Amino acid sequence: MRTDDSYDARVAQTLAEMGIPASYGVDRNMPSYAEAKDLVSVGMDIYGRDRQLTPHAAGRWTELQAAAHQDGIALLLVSAFRSLEYQRQIFERKIRAGESLERILKVNAPPGYSEHHTGR
């Protein structure tokens, strides 16, 4: 996904500050993802935090919830849009908890490379 130069610069700076090589995503053939700009609230996640999706994804989520509800199933939202900064905070929280950067990168995409940035 194409991103703008200022966003690319933010990603590069964030990765540098976190000690992640600038070539990390490219070396692993990971696509970069720009942050969605048009987001709408879709309610709370399982942790009580307001979650946001793009309008199209929000509409589809609402339809999916309604269909599941008709079948007696309650769908729970676990995660949605994440900003570049929020993705970084996930890494920082895990590092404070004693996880190594290498281990975190096995389960979390670095800032700029998380599909959560798309709001879809």
Side-chain angles (χ1 to χ4, degrees):
M1 173 175 275
R2 183 151 167 72
T3 57
D4 65 56
D5 291 340
S6 62
Y7 182 74
D8 290 342
R10 285 180 47 221
V11 170
Q13 179 178 349
T14 299
L15 294 178
E17 291 170 355
M18 295 174 66
I20 299 172
S23 64
Y24 183 86
V26 173
D27 292 346
R28 287 157 184 80
N29 294 314
M30 297 174 73
S32 61
Y33 293 101
E35 292 175 313
K37 295 181 185 342
D38 188 18
L39 298 165
V40 296
S41 177
V42 292
M44 301 296 177
D45 67 10
I46 62 173
Y47 303 108
R49 300 173 299 197
D50 183 45
R51 297 286 93 181
Q52 298 178 324
L53 296 170
T54 63
H56 178 75
R60 301 301 299 192
W61 166 246
T62 301
E63 292 171 9
L64 185 63
Q65 279 184 300
H69 180 74
Q70 287 182 347
D71 290 337
I73 299 168
L75 296 179
L76 303 174
L77 185 61
V78 176
S79 190
F81 169 78
R82 292 182 191 160
S83 67
L84 187 68
E85 183 57 32
Y86 189 83
Q87 192 73 9
R88 178 184 181 146
Q89 290 170 6
I90 291 171
F91 276 69
E92 291 171 343
R93 178 178 38 84
K94 289 182 172 193
I95 288 169
R96 283 192 305 272
E99 287 188 53
S100 69
L101 182 59
E102 180 180 280
R103 179 175 164 90
I104 297 166
L105 285 167
K106 288 183 180 181
V107 296
N108 291 97
Y113 294 90
S114 174
E115 195 167 354
H116 287 281
H117 300 327
T118 69
R120 297 187 306 256

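These numbers come from a predicted model, not from an experiment.
- One distance of note links CG of Asp45 with CD of Gln52; it measures 11.5 Å at 0.5 Å rounding.
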Take Gln87 and Thr14 through the test side chain to side chain contact (heavy atoms under 4.5 Å, CB included) and record every step on the way to the result.
-> CA-CA 10 Å; Gln87 192 73 9; Thr14 299; over 6 Å; no

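- Asn108 has its side chain within reach of Lys94: a pair of non-hydrogen atoms, C-beta onward, lies under 4.5 Å apart.
- Using a distance-only test at 3.5 Å, with no hydrogens or angles considered, no donor-acceptor pair links the side chain of Arg93 to the main chain of Gln89.
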Test Met44 against Asp50 for side chain to side chain contact (heavy atoms under 4.5 Å, CB included), laying out the working first.
-> CA-CA 4 Å; Met44 301 296 177; Asp50 183 45; 4.2 Å; yes

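- For His116 (side chain) and Ala80 (main-chain N/O), a donor-acceptor pair under 3.5 Å exists by modelled atom type.
- Put simply, the side chain of Leu77 reaches to within 4.5 Å of the side chain of Trp61, judged on heavy atoms.
- Counting only distance, with no hydrogens or angles, the side chain of Ser23 and the backbone of Val26 share no donor-acceptor pair below 3.5 Å.
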Please test Tyr7 against His117 for side chain to side chain contact (heavy atoms under 4.5 Å, CB included), starting from the C-alpha separation and ending with a verdict.
-> CA-CA 12 Å; Tyr7 182 74; His117 300 327; 3.6 Å; yes

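- Counting heavy atoms from C-beta on, the side chains of Pro110 and Leu105 come closer than 4.5 Å.
- Applying the salt bridge (charged side-chain N to carboxylate O under 4.0 Å, His left out) definition to pairs two or more places apart or across chains, those involving residues 78-89 are Glu17-Arg88, Arg88-Glu92.
- Inter-residue side-chain proximity for Thr118 and Thr54 is flagged as unmet; no heavy-atom pair is nearer than 4.5 Å.
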